Amino acid sequence: MPTPRRVAVLGAGGGVAGTAVLGLLTVVGVIEALDAATLALLGACLAGVAFLVLGLRRLDGKVQRMDNRVKREAAGLAGVSATLAAVNQKLDSIAPTLAEAAVQHDEDLRAVLASLGEDRVNAMFLRREIEAELQEIRRRTEALTASMERMNHRVDH
């Protein structure tokens with residue numbers, strides 16, 4: 001499709017040629033000057049209408065291309081919207097599970113910490129019992145050592 005500029009150049013060339021022919025016909029006397037002016041004016045109006053029609057046709061083509069592009073983008077956005085809706089639905093279905101898992105994790109963590117606390121308390125009691133037993137063993141060992149020394153002392157004398 002020719003561009004509006006090319007059409008204008010061709011129209012101007014045709015107008016100059018047509019005006020020259022009308023001028024020549026007027027000089028020769030084939031047509032009168034008023035008829036030649038009327039024909040020139042009608043030719044100019046026809047050229048203007050043709051230029052506007054071609055311009056509108058070209059503009060209509062651009063509008064159609066933009067409309068097609070908008071429709072493609074709208075279809076793409078509809079696909080994205082559908083995908084987002086599906087993701088949102090999946091997130092809505094996963095959220096309660098994650099909340100339950102978080103609660104279970106907290107309960108497990110509390111149980112582990114309580115178990116560690118109980119083990120520590122039990123270890124403290126065992127340590128106290130072992131220290132008490134060690135003291136008893138030391139006391140008995142000292143008593144036994146003292147009694148052995150007394151016996152050795154008696155035997156030596």
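Remember, it's a predicted structure, so these values are computed and weren't measured experimentally.
Here the straight-line distance linking atom CG of Leu144 with atom CD1 of Ile137 works out to 12.5 Å at 0.5 Å rounding. Note that CD of Glu73 and CE of Met66 are 14.0 Å apart. Values are rounded to the nearest 0.5 Å. To the nearest 0.5 Å, atoms CG (Leu84) and CD (Gln89) are separated by 12.5 Å.
Following chains of ILVMFWY side-chain contacts shorter than 4.5 Å, one cannot reach Leu52 starting from Leu46, and the two form parts of different hydrophobic clusters. At a threshold of 4.5 Å between side-chain heavy atoms, the hydrophobic network of Ile, Leu, Val, Met, Phe, Trp and Tyr places Leu54 and Leu56 in two separate groups. A single hydrophobic cluster is seen to contain both Leu39 and Val21, as judged by linkage of ILVMFWY side chains at heavy-atom distances under 4.5 Å, directly or through other members. Phe51 and Val53 fall into different hydrophobic clusters, where Ile, Leu, Val, Met, Phe, Trp and Tyr side chains are chained together by heavy-atom contacts under 4.5 Å.
Taking every heavy atom of both residues into account, Leu22 and Ala36 meet most closely at CD1-O, 3.5 Å.
A salt bridge between Arg139 and Glu136 is present, with a side-chain N of the basic residue lying under 4.0 Å from a carboxylate O of the acidic one. Remark: Arg110 does not engage Asp106 in a salt bridge, criterion side-chain N to carboxylate O under 4.0 Å.
Side-chain N or O atoms of Thr38 include one that pairs as donor or acceptor with a backbone N or O of Leu34 at under 3.5 Å.
When each of Glu129, Met124, Glu131 is tested with Arg127 by the rule side chain to side chain contact (heavy atoms under 4.5 Å, CB included), just one qualifies, namely Glu131.
Counted by atom type alone, Gln64 and Asn68 present zero donor-acceptor pairs between their side chains at under 3.5 Å.
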